[in-house]
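A short write-up of the structure that comes next.
We name chains A, B, ... by the order of the sequence lines, and we start the count at 1 in each one.
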There are 8 protein chains.
Amino acid sequence: MSEDADLDLNRQSRCGFPEVIYGEGKPADLILRLFERQQANGQDSLVTRLSVEAAELLATHFPHGVHNAVARTFRLRAPSADSALSGQSSLENAVSAGPVYVVTAGSSDRPVAEEAMETLHWMKVDCELIQDVGVAGPHRLIRHIPRLQTAVAIVCVAGMEAALPSVVGGYVPCPVIGVPTSVGYGASFQGVTALLSMVTCCASNVVAVNIDAGFKGGYVAGLIATRAAAGQRSK
Amino acid sequence: MSEDADLDLNRQSRCGFPEVIYGEGKPADLILRLFERQQANGQDSLVTRLSVEAAELLATHFPHGVHNAVARTFRLRAPSADSALSGQSSLENAVSAGPVYVVTAGSSDRPVAEEAMETLHWMKVDCELIQDVGVAGPHRLIRHIPRLQTAVAIVCVAGMEAALPSVVGGYVPCPVIGVPTSVGYGASFQGVTALLSMVTCCASNVVAVNIDAGFKGGYVAGLIATRAAAGQRSK
Amino acid sequence: MSEDADLDLNRQSRCGFPEVIYGEGKPADLILRLFERQQANGQDSLVTRLSVEAAELLATHFPHGVHNAVARTFRLRAPSADSALSGQSSLENAVSAGPVYVVTAGSSDRPVAEEAMETLHWMKVDCELIQDVGVAGPHRLIRHIPRLQTAVAIVCVAGMEAALPSVVGGYVPCPVIGVPTSVGYGASFQGVTALLSMVTCCASNVVAVNIDAGFKGGYVAGLIATRAAAGQRSK
Amino acid sequence: MSEDADLDLNRQSRCGFPEVIYGEGKPADLILRLFERQQANGQDSLVTRLSVEAAELLATHFPHGVHNAVARTFRLRAPSADSALSGQSSLENAVSAGPVYVVTAGSSDRPVAEEAMETLHWMKVDCELIQDVGVAGPHRLIRHIPRLQTAVAIVCVAGMEAALPSVVGGYVPCPVIGVPTSVGYGASFQGVTALLSMVTCCASNVVAVNIDAGFKGGYVAGLIATRAAAGQRSK
Amino acid sequence: MSEDADLDLNRQSRCGFPEVIYGEGKPADLILRLFERQQANGQDSLVTRLSVEAAELLATHFPHGVHNAVARTFRLRAPSADSALSGQSSLENAVSAGPVYVVTAGSSDRPVAEEAMETLHWMKVDCELIQDVGVAGPHRLIRHIPRLQTAVAIVCVAGMEAALPSVVGGYVPCPVIGVPTSVGYGASFQGVTALLSMVTCCASNVVAVNIDAGFKGGYVAGLIATRAAAGQRSK
Amino acid sequence: MSEDADLDLNRQSRCGFPEVIYGEGKPADLILRLFERQQANGQDSLVTRLSVEAAELLATHFPHGVHNAVARTFRLRAPSADSALSGQSSLENAVSAGPVYVVTAGSSDRPVAEEAMETLHWMKVDCELIQDVGVAGPHRLIRHIPRLQTAVAIVCVAGMEAALPSVVGGYVPCPVIGVPTSVGYGASFQGVTALLSMVTCCASNVVAVNIDAGFKGGYVAGLIATRAAAGQRSK
Amino acid sequence: MSEDADLDLNRQSRCGFPEVIYGEGKPADLILRLFERQQANGQDSLVTRLSVEAAELLATHFPHGVHNAVARTFRLRAPSADSALSGQSSLENAVSAGPVYVVTAGSSDRPVAEEAMETLHWMKVDCELIQDVGVAGPHRLIRHIPRLQTAVAIVCVAGMEAALPSVVGGYVPCPVIGVPTSVGYGASFQGVTALLSMVTCCASNVVAVNIDAGFKGGYVAGLIATRAAAGQRSK
Amino acid sequence: MSEDADLDLNRQSRCGFPEVIYGEGKPADLILRLFERQQANGQDSLVTRLSVEAAELLATHFPHGVHNAVARTFRLRAPSADSALSGQSSLENAVSAGPVYVVTAGSSDRPVAEEAMETLHWMKVDCELIQDVGVAGPHRLIRHIPRLQTAVAIVCVAGMEAALPSVVGGYVPCPVIGVPTSVGYGASFQGVTALLSMVTCCASNVVAVNIDAGFKGGYVAGLIATRAAAGQRSK
């Protein structure tokens with residue numbers, strides 16, 4: 001249909017995973033048609049920043065899909081078990097080179113963290129959520145350090161001054177993807193301070209993505225995990 | 001002399017300590033005259049951001065003064081032992097309610113930290129310097145936590161993302177004065193990111209002063225220490 | 001419950017006061033459960049940025065609690081008189097080393113000032129509110145100077161160009177904690193100009209906290225008062 | 001000469017005063033030629049932001065001119081007593097409706113204040129300089145208030161948080177022209193904080209000009225004085 | 001009443017005009033009480049940024065007051081003809097040294113311009129409004145130049161790139177007070193670009209006030225007019 | 001040679017003109033080699049932001065080239081008359097659809113304007129320079145309006161508040177390319193205010209390029225002129 | 001009527017096209033009257049940023065007008081065929097020197113692109129819309145390159161990092177007008193990042209207009225096309 | 001020695017690689033001592049941002065070390081072949097899961113790219129440099145796409161509008177680490193525009209590090225490569 005967004009069905013073969021739909025501002029019926037086209041082409045589907053209305057429409061049409069209301073996502077496997085056409089994402093029996101951990105500083109960071117988790121589930125990557133371990137209560141983080149040191153990658157979600165990725169980065173040997181959040185007030189500037197803090201982080205293994213970009217944080221962590229797992233699986 | 005700065009000799013009785021001279025851009029002979037006027041009035045002297053030339057001139061005239069080249073300061077006691085006219089600063093036999101610790105994240109933060117230390121020495125406040133305990137090497141800070149928990153106030157000097165005051169603040173019961181430094185590159189923006197990080201700090205006990213304002217950090221910590229010590233001394 | 005925020009019951013012994021709950025965005029029943037857990041552990045409770053709904057729920061369950069609608073706070077003593085387990089906050093018969101004054105520039109700054117006052121009440125610190133003494137009407141401030149000179153610490157709440165802390169700082173010997181407010185229009189930039197003004201303040205005894213951070217301003221002033229009072233009380 | 005700046009000889013009849021030459025980056029010989037053209041047309045001359053070289057060249061050619069090295073200005077009367085062709089600036093026997101005061105917060109603000117003073121002298125406006133009355137030492141300003149209350153306009157020169165115009169504005173009935181200066185460090189951002197402070201000033205009678213724009217501050221104050229004096233003189 | 005704003009009844013004798021009430025966020029009954037106190041003290045009243053509700057309350061109590069719904073102002077003379085106690089504002093039979101012109105670039109700037117006009121009416125200053133003469137249609141401004149050249153002061157109200165004050169300033173000999181407005185979109189940044197444009201204006205006679213500060217623009221123009229008129233009147 | 005920049009010889013056939021070399025930071029001998037390669041391929045050459053050393057080297061090797069020291073450019077025709085391989089730039093006998101005017105606000109804008117002029121000469125586009133017509137002296141611009149109304153495109157070079165393109169744009173029917181310059185001081189922020197002013201310009205026909213981007217301003221004006229001339233020439 | 005905006009009926013003869021009405025905040029009946037005046041003077045009409053109410057009023061009065069609800073525009077031909085009085089816009093039988101292409105990066109950019117298209121239709125310029133060719137799916141753009149290389153000008157509409165104009169600019173010989181859009185989140189800062197990206201674009205043929213300024217992008221492209229077509233038509 | 005930086009010898013076992021020394025501002029003899037301590041502990045050494053003096057001192061003491069003057073780095077293997085104590089970096093016979101490509105947009109980006117390359121060499125990661133493939137000359141990038149699609153990770157170094165990572169990201173299945181550079185002028189703001197562009201990049205696989213942080217870009221790419229290679233090697 002002429003007004004539809006131009007769906008990139010070629011993305012999976014070029015980039016390893018199908019196109020993910022950014023739901024903000026897209027009408028519910030357009031999202032539904034995009035899902036139908038991906039399904040017809042044997043591709044898994046994921047939509048982020050979903051409205052309540054669109055979520056209900058998708059749930060009606062795809063009762064086997066997974067709706068996460070906190071994350072504002074909906075994901076759906078392709079019809080058959082051989083859904084993943086490219087080698088990289090066909091991880092039905094996923095072999096892990098260590099899990100991805102998604103770590104949050106405070107309880108307000110949870111929606112962004114859930115978006116990262118849903119993205120990792122959609123990529124079939126082994127992942128776990130560790131919440132509310134901001135540095136103001138240091139014992140909360142320290143008890144998780146041994147687990148974090150086994151990670152293949154960590155997604156670190158934090159707002160305000162975002163000290164958490166600096167601390168986590170100093171304890172672990174894997175890449176840490178910082179996701180700044182827009183929670184906070186005053187000079188947190190809707191996440192700008194957290195973004196600058198992550199970008200200037202003294203720990204060598206920390207990188208940053210856009211503010212509230214839970215999907216992107218999860219996606220890059222998932223790419224790293226996929227590469228490491230591919231090595232192990234081919235043993 | 002008509003072009004001299006207007007020295008505030010009244011500052012000591014009004015604010016507890018004599019005026020401190022900001023040396024940036026002031027000619028050496030003007031600083032010398034200001035010191036002479038303070039000495040003539042029985043006041044202790046301190047100048048910050050001192051040029052090399054001015055430091056040499058002061059050292060020649062006041063061989064008993066203390067020049068700190070890293071801090072770029074020069075301080076001098078008033079001629080007699082009864083120098084401190086107001087009760088608050090007459091701490092010849094200083095009684096401490098716990099020391100002030102000046103803590104730095106990296107070795108580049110040292111000049112700012114030394115300025116804070118010199119200010120505290122001038123105020124006759126018990127103080128110690130703990131250097132290079134940035135969170136990228138977490139064990140470095142942790143071994144100092146028990147000492148920091150005895151402090152009456154902490155001055156925390158850090159640049160880049162300035163995660164250190166957030167971590168220190170979570171471990172201690174006293175006020176933490178954050179001093180952002182202009183060290184770093186790129187998105188550290190000459191200390192702006194560190195300043196925003198300290199201002200948005202999640203720890204409840206952290207406040208901030210201007211970038212590179214070692215004097216101010218030391219001064220406020222000294223005021224807190226003086227109040228606590230005054231209580232103890234009067235026992 | 002797994003989705004609850006991770007309450008830091010250890011905070012009181014580590015930092016001198018129990019954790020204060022930031023109410024923004026937290027559901028009413030979660031805040032209620034957090035209060036119940038603190039009460040069960042013999043800790044005083046304080047919540048800030050409270051919604052009207054949450055305030056009503058708390059008032060129903062804790063009729064002895066204090067709700068301040070202007071400050072958007074609710075505070076509650078622990079069940080027994082021996083609530084304060086650590087020595088520092090057990091100030092039932094508070095001894096004062098001078099009060100904390102909370103000073104505002106204009107009538108719009110009052111909610112932030114009330115949040116600081118409630119925090120100080122919760123900390124059992126002697127405090128008073130002086131309102132509407134902005135420098136555009138200089139006689140208003142001048143008549144309060146003698147009282148302000150007896151303070152152990154001052155919380156100075158101001159928006160727009162925030163000239164008040166500079167003026168107050170020049171008259172008093174104690175630390176002044178500047179709290180910028182988001183009142184104003186145009187180039188006040190929701191409090192950013194006030195924050196920058198406080199950070200660059202020429203008076204040596206002025207520090208700054210985040211925009212609208214009445215809690216933090218009160219908390220740090222309370223820590224300073226507690227240290228000074230502890231000295232006096234132990235006489 | 002074709003590469004010369006396009007001198008606006010028409011300015012005096014249109015705007016009341018001849019064009020003032022902005023010396024920054026202009027070669028010394030070009031400035032000399034511009035002066036010669038103004039003199040040939042019976043106009044007074046003023047150049048600001050003058051290099052040392054250009055000052056020496058002008059002083060050689062116009063020994064009766066006034067060079068102010070601190071202000072970096074050079075001014076020169078037109079050859080004959082009937083220099084001022086328009087009525088407004090022919091104030092040889094200047095009648096004053098109260099002087100213009102140029103007031104500075106600190107000694108580093110002096111070059112900008114001197115530029116304002118030189119501009120006022122060139123405009124033949126009665127003016128006086130009051131230096132170093134920043135609010136950190138409040139008694140310094142207060143002793144000048146009675147004089148300031150007689151001013152026809154005040155130029156207030158201040159850097160850092162620039163609290164001075166707010167305080168002055170609250171005491172006087174005349175317009176106050178704030179000139180922010182680039183002195184200071186850290187979050188003073190080369191005068192931006194001072195500019196924002198002046199723009200958001202709560203006092204109703206304060207306006208602002210560009211950072212370090214001593215000429216502009218003096219010029220507008222001079223225009224106000226000229227209007228008031230014209231009224232009085234025509235009595 | 002204890003919660004009332006602290007009305008500055010002393011303002012008129014100190015600054016020449018009574019305090020003007022900033023209505024934003026103030027309850028209607030508080031504004032009413034402030035008016036009653038001013039009236040009881042023989043002072044004229046003006047309130048800006050008035051809500052519809054407060055306007056209705058004032059109109060009911062003071063049927064002789066003037067409500068301007070576009071400007072969001074309400075003004076009221078003091079009960080008797082001798083309202084203006086200080087010499088400066090007792091301009092019942094106003095003598096003009098030329099009018100103040102309030103000039104706007106576009107039709108969206110009108111509310112701010114009306115606020116300036118109301119302020120000038122309240123100050124009893126001769127004034128006129130010239131609308132919609134932005135430089136994109138240059139003939140619109142040029143036909144008004146001869147009138148503008150007779151002004152004692154000009155208030156120039158403009159948003160977006162605010163080129164108007166630069167052009168007006170080049171044609172007239174009087175001070176021009178630029179009032180940036182928050183109209184526009186995109187990189188106009190709610191008036192910040194207009195403010196920066198006015199502050200950096202090449203015309204020597206242009207100053208700036210805060211964004212949307214129609215009151216302040218009118219007030220300073222009124223102060224200038226009052227000084228010039230006082231001179232003429234005393235002839 | 002492997003460390004050479006990757007010269008885009010294909011640019012002329014794809015984009016109509018050969019690649020222009022950005023000289024900043026490039027060693028003189030590299031620029032020489034790039035010129036030699038273009039000449040060997042029958043392409044005209046232009047380098048901008050040239051160092052003095054590189055200019056001397058080029059002048060030695062290409063005595064027929066044109067060095068403009070103010071613009072910091074060097075340009076050179078291809079060896080034979082059939083230099084321009086694509087139809088668009090083969091304007092040996094240039095037919096004009098009206099000239100391009102390059103207009104500056106002040107004499108400090110001249111280097112940027114010269115860079116635009118040199119670019120237009122290199123493109124064989126009919127062009128003229130009109131200098132120093134900033135709006136503070138309005139008569140200077142008005143006398144050029146009739147000529148400007150015949151232009152096919154105008155490059156408008158201005159710093160500070162950059163009111164000139166707004167005024168020019170209102171008088172002419174052609175596109176106006178605004179080039180902000182970094183001249184000025186204080187709140188001109190090295191050209192940022194001028195850039196914002198041009199971007200928010202109320203005149204519909206004004207676009208903007210980067211600060212000091214004289215080359216880009218000239219190039220786009222040249223593209224417009226080339227299209228119009230191509231139409232006329234083919235008559 | 002006195003409160004009407006000052007319609008610039010002279011614009012067509014001066015600038016080639018009638019004034020376009022910016023509908024934001026203008027009452028529906030005012031827009032109607034402005035249309036009636038343009039029609040009475042034989043001028044085409046276009047209004048942008050139209051409210052739903054104003055659109056309905058216009059549609060009732062001018063059933064032959066064209067309302068584009070996505071673009072929020074309404075346009076109307078003048079009553080007779082000889083509507084365009086100046087030569088430039090009388091393109092009833094438009095001759096094209098290549099079309100203008102309006103290109104968007106994503107589906108959210110469409111409203112801005114439609115505003116550009118409507119402007120081009122109103123100018124009677126041959127134009128086409130190519131949607132959703134952002135660089136994340138590079139094959140989408142590449143298939144349109146041959147068509148884009150025939151354009152007389154391209155309007156490139158993009159948000160977020162706005163990489164599209166850089167890529168398009170590198171492939172084509174015509175001017176590219178970048179229109180940044182406010183779509184996106186986080187560090188896209190409502191279009192500021194896209195604007196900065198376009199302004200700093202390495203491709204020599206890219207210029208920028210204000211954020212979301214679809215009208216301006218279309219208008220300047222239309223001016224370029226008109227000049228080129230005028231050349232061809234006169235053959 | 002007491003003034004030495006606090007070397008983190010524990011870093012290798014905790015994070016997989018030894019501490020890398022940031023040479024900016026560190027005296028040459030301090031860097032020498034830090035190298036000696038690492039060598040004595042069997043650790044590989046790398047220093048970045050090295051001064052010419054320090055480079056010469058290191059080269060004298062460690063003739064087998066590798067100095068890269070463009071990158072301003074010096075690296076040195078540990079004395080024996082069993083240098084890498086932890087499993088992760090003992091890649092003497094490196095097995096690759098695809099190389100890391102370091103890609104630059106322009107020739108000015110080379111120093112930053114070389115720093116990334118040196119870091120990857122020090123980590124013993126298979127890597128290649130592809131220079132000067134900015135999107136203004138699109139054919140330059142396209143010929144490298146097949147190679148880039150085999151990468152395990154890509155470091156993309158670009159300044160100005162930094163469109164390159166967006167384009168590269170759309171073609172490849174691996175993570176892309178964007179390193180903004182401070183090259184450019186005007187609105188590139190020393191790399192801030194490039195940083196914002198990378199952070200808001202529409203391609204899902206792009207992350208960002210600090211401006212000019214070639215070391216960090218290379219380090220994170222190396223961590224990803226190490227994880228993938230570890231999987232393959234253990235086959």
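With chain G as the partner, the residue from H/Cys202, H/Pro165, H/Gly184, H/Ala203 showing the most heavy-atom pairs under 4.5 Å is H/Cys202. Here G/Cys201 is the residue among G/Cys201, G/Gly137, G/Ala163 with the most heavy-atom pairs under 4.5 Å with chain H. Note on G/Gly169, G/Ala187, G/Pro138, G/Ser188: by heavy-atom pairs under 4.5 Å with chain H, the leading option is G/Pro138.
The neighbour count for H/Glu114 CD, taken as heavy atoms of other residues, nucleotides or ligands under 6.0 Å away, is above 12. By the neighbour-count criterion of 12 heavy atoms within 6.0 Å, atom CD of H/Gln190 is sparsely surrounded, having that number or fewer from other residues, nucleotides or ligands.
For a residue to count as touching a neighbouring chain, one of its non-hydrogen atoms must lie under 4.5 Å from one of that chain's; by this rule G/Leu141 does not touch chain H. If you measure heavy-atom distances from H/Ile142 to chain G, the contacts under 4.5 Å come from the side chain alone.
A distance of 3.5 Å separates CD of G/Glu161 from OG of H/Ser166, quoted to the nearest 0.5 Å.
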